[in-house]
Amino acid sequence: MGRSVPRVHFCGARPQARPLHFRAPFKDAEDLSAALPGLGKRVVFMGDDTWKDLFPGAFSKAFFFPSFDVRDLHTVDNVDSGEWDVLIAHFLGVDHCGHKHGPDHPEMAKKLSQMDQMIQGLVERLENDTLLVVTGDHGMTVSGNHGGDSELETSAVLFLYSPTALFPSAPPEVRPEKPEVIPQISLVPTLALLLGLPIPFGNIGEVMAELFSEVEDSQPHSSALAQASALHLNAQQVFRFLHTYSAAAQDLQVKELHRLQNLFSKASANYQRLLQSPQGAEAALQTVITEMQQFLRGVRAMCIESWARFSLVRMAGGVALLAATCFLCLLVSQWATSPGFYLRPLLVMPVTCGLTVATVCTGLLATTGLQLDPVVLGAMAAVGSLLPFLWKAWAGWGSRRSMASLLPMPGPVLLLLLIRFAGLFSDSFVVAEARAAPFLLASLILLLVAQLHWEGKLLPPKLLTIPRLGFLTPTGPPRHHGVHTLGLGVGLLLCIRLAGLFHRCPEETPACSSSPWLSPLASMVGGRAKNLWYGACVGALVSLLAAVRLWLHRYGNLKSPEPSVLFVRWGLPLMVLGTAAYWALASGADEAPPRLRALVAGASVMLPRAVAGLAAAGLMLLLWRPVAVLVKAATGAPRTRTVLAPFSGPPASQADLDYVVPQIYRHMQEEFRGRLERTKSQAPLTVAAYQLGSVYSAAMVTALTLLAFPLLLLHAERISLVFLLLFLQSFLLLHLLAAGIPVTTPGPFTVPWQAVSAWAFMATQTFYSTGHQPVFPAIHWHAAFVGVSERLESSSLSAFLVGANTFASHILFAVGCPLLLLWPFLCESQGSRKRRQLPGNEAEARVRPEEEEEPLMEMRLRQAPHHFNAALLQLGLKYLFVLGIQILACALAAFILRRHLMVWKVFAPKFMFEGMGFIVSSVGLCLGIALVMRVDGAVSSWFRQLVLAQQRGGEQSGLVFTGAESSAGEAQPHLLPLCSQELLTSGTSLFYNSKL
């Protein structure tokens with residue numbers, strides 16, 4: 001019993017090695033379980049509940065256990081079966097132990113010893129005419145998983161034992177060094193004949209002829225005749241299946257089919273002739289056995305080859321559909337920010353053309369009598385819908401544009417995308433993508449830093465007269481200090497390197513060793529090391545919470561009394577506490593006292609549900625009241641003067657006094673005047689709103705944090721360090737990208753291709769850094785049981801949890817994609833607030849508040865709502881284009897290399913994972929954009945309510961709003977351009993104040 005025996009089947013029954021005929025009463029039975037009860041057999045099953053769905057009502061008694069509950073190592077193996085004629089025992093403990101702990105854990109040794117003892121006890125109680133069959137349904141990798149096609153996963157032990165010799169054994173000198181390899185489908189006809197049952201109709205397996213030898217009769221002729229009889233029954237069943245299937249499907253090779261039919265006819269005739277004269281025909285019997293085996297193996301090979309055929313037309317149609325979608329995203333993203341662009345009229349003509357092309361193709365196919373394929377029709381409709389876009393693009397190129405406008409992205413970014421596109425056609429690249437993705441991301445970051453230097457935004461430009469390799473020309477003075485920007489780049493590269501320490505090696509690289517930090521804490525043996533790692537994981541949680549709250553406090557959004565902000569202040573700490581408690585219980589569940597295990601199991605189910613419930617409640621509050629601003633209303637004139645000094649500490653010269661004293665005087669005058677006005681009966685109402693400048697980003701960061709904690713629960717505890725690096729890495733990348741994106745007013749707003757590509761590359765890099773691989777054996781199946789009781793409530797829930805675990809990086813980066821548009825405006829508060837000096841002596845330099853250009857930050861977007869919506873659309877299309885060319889490359893690779901040796905091991909799984917990732921990313925992107933639009937609508941509604949309230953009151957109102965919290969001592973109110981047309985028409989005054 002080793003790694004390759006993760007599950008054990010027992011099929012104990014008295015074998016009947018006798019000829020059977022298809023005229024038996026169960027000739028139409030499709031499986032053994034349907035035939036056994038009809039023969040009066042008491043069939044008892046215990047183990048994997050998958051059998052319940054495969055064979056409903058087939059067992060007289062059954063003990064089903066959930067196969068996916070890997071936490072249960074012992075209950076599934078400790079069952080009293082009672083009385084039986086046929087016992088099928090699908091033991092799950094070894095399989096669960098492999099998934100939970102791995103094959104080299106001490107728990108695995110205990111479980112294997114238990115299985116050995118159980119088999120030994122069963123062997124001791126076997127009767128002489130009973131056959132014991134022990135086999136496994138799959139193997140196990142070195143990490144304890146399965147589902148792929150490696151030798152460790154597809155190999156399992158087959159052990160046959162009987163107290164008496166039921167079949168002859170080979171002498172030791174002729175025994176092979178390695179065990180014989182038996183196809184798993186050969187068990188079906190072998191067990192059917194041994195149990196005295198007809199072979200199921202759909203079987204194409206070959207009986208193990210050695211089990212049908214007459215041991216009691218020492219004559220070689222008798223043994224050979226028994227084997228020939230078993231093979232003839234098997235061949236008759238396969239021939240009947242082949243005849244029926246070829247008449248219905250007509251997809252088998254005609255020439256090979258005729259050859260096999262002739263071979264069966266010849267072998268069957270020779271067998272019937274031997275039955276009439278059985279004496280002295282040992283050589284003829286061996287010839288018949290060989291012909292029967294050739295027939296059975298030929299049928300199996302022909303069926304496997306035919307069933308592995310590909311529909312080239314449908315594959316080409318799918319590729320055309322993907323290519324058309326990518327090209328459409330590229331074209332519309334170019335036109336989205338152009339003047340006069342309206343999406344709805346633009347889509348009428350393409351839809352019409354697409355329907356027309358589909359209708360014409362349908363008529364042609366119907367006329368020629370060809371089969372209508374929905375995939376092909378959809379592809380033709382998609383290609384037809386591109387005709388108006390191609391015509392418009394061609395007209396534009398012919399008039400005033402060059403062909404280079406088709407790919408408006410910078411040359412280095414285009415080169416990196418082409419490298420990634422071409423690399424997906426190489427199985428070596430796909431296998432090593434966990435290392436290639438960080439390399440491409442780091443290369444793009446270095447190009448971004450070089451771009452900032454070439455545009456004069458990093459360091460003063462030198463004598464650079466060479467072209468900028470397709471990058472933009474200098475657009476203005478730097479907003480960030482060069483050292484600060486270089487620090488962002490270095491920190492980003494360091495985070496990428498640290499995240500690479502959490503990696504899982506693909507099975508194609510046996511020399512590679514996966515990171516030990518991907519395993520859960522429960523698999524660790526040392527108590528001290530486990531406690532240290534637990535402390536580090538909890539520290540990562542607290543750091544993540546502190547970083548988010550510090551960021552919100554930095555921009556002042558944490559002072560809002562809105563329900564979503566209150567939840568951030570009190571709900572997020574509760575989520576951190578619940579996550580930490582769940583990790584403590586999960587890592588020490590096996591060490592809990594027996595009397596507390598039920599309590600620990602219940603708490604392990606309720607805590608994740610509580611965290612997920614809190615996250616859902618927080619998201620609902622955010623959608624309900626997304627505007628995190630602090631509003632104050634007071635009677636009186638707005639306070640529009642503050643004392644500002646260009647020095648720290650008390651005045652040090654006469655020039656300082658000459659500047660400060662007049663300000664104090666004017667300030668006192670205004671204060672005194674305001675007090676007098678407040679005594680009047682018709683005093684104006686002043687409304688002050690704080691933190692409007694970061695209202696969109698605050699909602700996005702809050703939503704991402706609320707999503708991150710439930711997704712983090714689905715991973716192993718030490719992945720929390722990767723999530724902390726993920727947030728830090730995203731923060732650094734956004735700041736680095738914002739340094740090269742100019743803030744323009746009134747628009748159009750745009751996000752460059754290098755920013756979108758870097759964001760997509762980081763999503764791929766995070767996918768691998770969280771221990772995932774685009775292969776099925778690397779799926780984190782343990783996520784299916786987080787917050788789920790021992791008796792699984794729903795398989796769809798478990799599938800959803802596994803999917804959320806696998807595509808967590810796609811979800812977070814897709815939802816957070818609008819931050820690429822918002823962040824440059826958010827960073828305006830750091831670079832635009834520069835005081836202007838009066839001409840003259842530096843000692844007499846003074847700050848003139850009335851001349852300063854205060855940053856509007858994200859409120860600039862509201863000055864041009866059409867450009868804002870167009871920028872969101874363009875950003876989404878660019879992101880979908882970058883993701884789309886990846887799945888297009890995977891589809892082309894699987895299509896072109898469909899006969900490649902690694903197609904099912906590398907290219908097909910990669911295509912499926914990329915396809916699911918694209919779907920998840922598309923949904924997440926729509927949700928992220930919808931959240932921004934919800935905040936925008938809430939801000940508009942907030943302004944509208946203010947105007948309506950002012951109009952109902954019939955009085956002049958003043959509005960003071962802030963963008964972000966500034967440094968201590970600053971309070972600079974200035975009249976700004978209005979953010980809403982309603983405010984202009986109502987006569988409402990709008991002021992800005994930078995500190996509460």
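In this chain, numbering begins with 1 at the start of the sequence shown. Everything quoted here is computed from the prediction, not taken from an experiment.
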If I take atom [atom1] from residue [X] and atom [atom2] from residue [Y], how far apart are they, to the nearest 0.5 angstrom?
X: Leu875; Y: Leu925; atom1: CG; atom2: CG; result: 7.0 Å
X: Cys329; Y: Leu873; atom1: SG; atom2: CG; result: 9.5 Å
X: Leu725; Y: Thr770; atom1: CG; atom2: OG1; result: 12.0 Å
X: Leu446; Y: Leu441; atom1: CG; atom2: CG; result: 9.5 Å
X: Leu728; Y: Leu544; atom1: CG; atom2: CG; result: 10.5 Å
X: Ile887; Y: Ile885; atom1: CD1; atom2: CD1; result: 12.0 Å

Taking the side chain from [X] and the backbone from [Y], do they hold a donor-acceptor pair closer than 3.5 Å?
X: Arg718; Y: Cys537; answer: no
X: Glu858; Y: Tyr696; answer: yes
X: Tyr534; Y: Ala580; answer: yes
X: Ser921; Y: Ala814; answer: no
X: Glu717; Y: Pro520; answer: no
X: Glu914; Y: Gln886; answer: no

Is the shortest heavy-atom distance from the side chain of [X] to the side chain of [Y] under 4.5 Å?
X: Leu931; Y: Met700; value: yes
X: Ile445; Y: Ile496; value: yes
X: Leu572; Y: Leu706; value: yes
X: Trp753; Y: Ser333; value: yes
X: Leu417; Y: Phe761; value: yes
X: Met859; Y: Val695; value: yes
X: Met762; Y: Leu492; value: yes
X: Val611; Y: Tyr582; value: no

Any pair with a residue in residues 909-929 that passes ring-ring contact (aromatic ring centres under 6.0 Å, His included), sequence neighbours left out, goes on the list, sorted by first then second residue, please.
-> Phe776-Phe913
Identify the two heavy atoms, one from [X] and one from [Y], that lie closest to each other, and give their separation to 0.1 Å.
X: Ala808; Y: His715; result: CB-CE1, 3.8 Å
X: Val413; Y: Ser757; result: CG1-OG, 3.3 Å
X: Leu623; Y: Arg934; result: O-NE, 2.8 Å
X: Val430; Y: Leu424; result: CG2-O, 3.9 Å
X: Ile929; Y: Pro818; result: N-CG, 4.0 Å
X: Trp759; Y: Ser730; result: CH2-CB, 4.2 Å

More than 12 heavy atoms of other groups within 6.0 Å of Phe421 CZ = yes
May I ask you to decide if the ring planes of His780 and His772 are parallel, tilted or perpendicular, using 30° and 60° as cut-offs?
-> parallel
Could you check whether the rings of Phe807 and Phe767 sit parallel, tilted or perpendicular, using 30° and 60° as the cut-offs?
-> parallel
Phe825 and Phe868: CA distance, side-chain angles, deciding distance, ring pair (Phe, Tyr, Trp, His ring centres under 6.0 Å) verdict | CA-CA 12 Å; Phe825 298 92; Phe868 184 24; 8.3 Å; no
Verdict with supporting geometry, Met575 and Leu712, side-chain contact (heavy atoms from CB on, under 4.5 Å) | CA-CA 11 Å; Met575 294 173 65; Leu712 181 56; over 6 Å; no
Apply the test side-chain contact (heavy atoms from CB on, under 4.5 Å) to residues Met933 and Asn869: give CA-CA distance (whole Å), side-chain angles for both, the deciding distance (0.1 Å), then the verdict.
-> CA-CA 8 Å; Met933 300 305 296; Asn869 297 334; 3.2 Å; yes
What residues, two or more places apart in sequence or in another chain, satisfy salt bridge (Lys or Arg N to Asp or Glu O under 4.0 Å) together with Lys878?
-> none
Check the pair Leu820 / Tyr879 against side-chain contact (heavy atoms from CB on, under 4.5 Å), numbers first and verdict last.
-> CA-CA 11 Å; Leu820 294 173; Tyr879 192 70; 5.7 Å; no
Given the options Ser697, Ser564, Ser694, Asn557 meets side chain to side chain donor-acceptor pair (under 3.5 Å) only with Ser694
Step-by-step side-chain contact (heavy atoms from CB on, under 4.5 Å) determination, Leu418 to Leu414 = CA-CA 6 Å; Leu418 290 177; Leu414 178 60; 4.2 Å; yes
Residue pairs fulfilling side-chain hydrogen bond (donor to acceptor under 3.5 Å, both in side chains) with at least one residue in residues 421-433, sequence neighbours excluded | Arg420-Glu433, Glu433-Tyr768, Glu433-Lys910
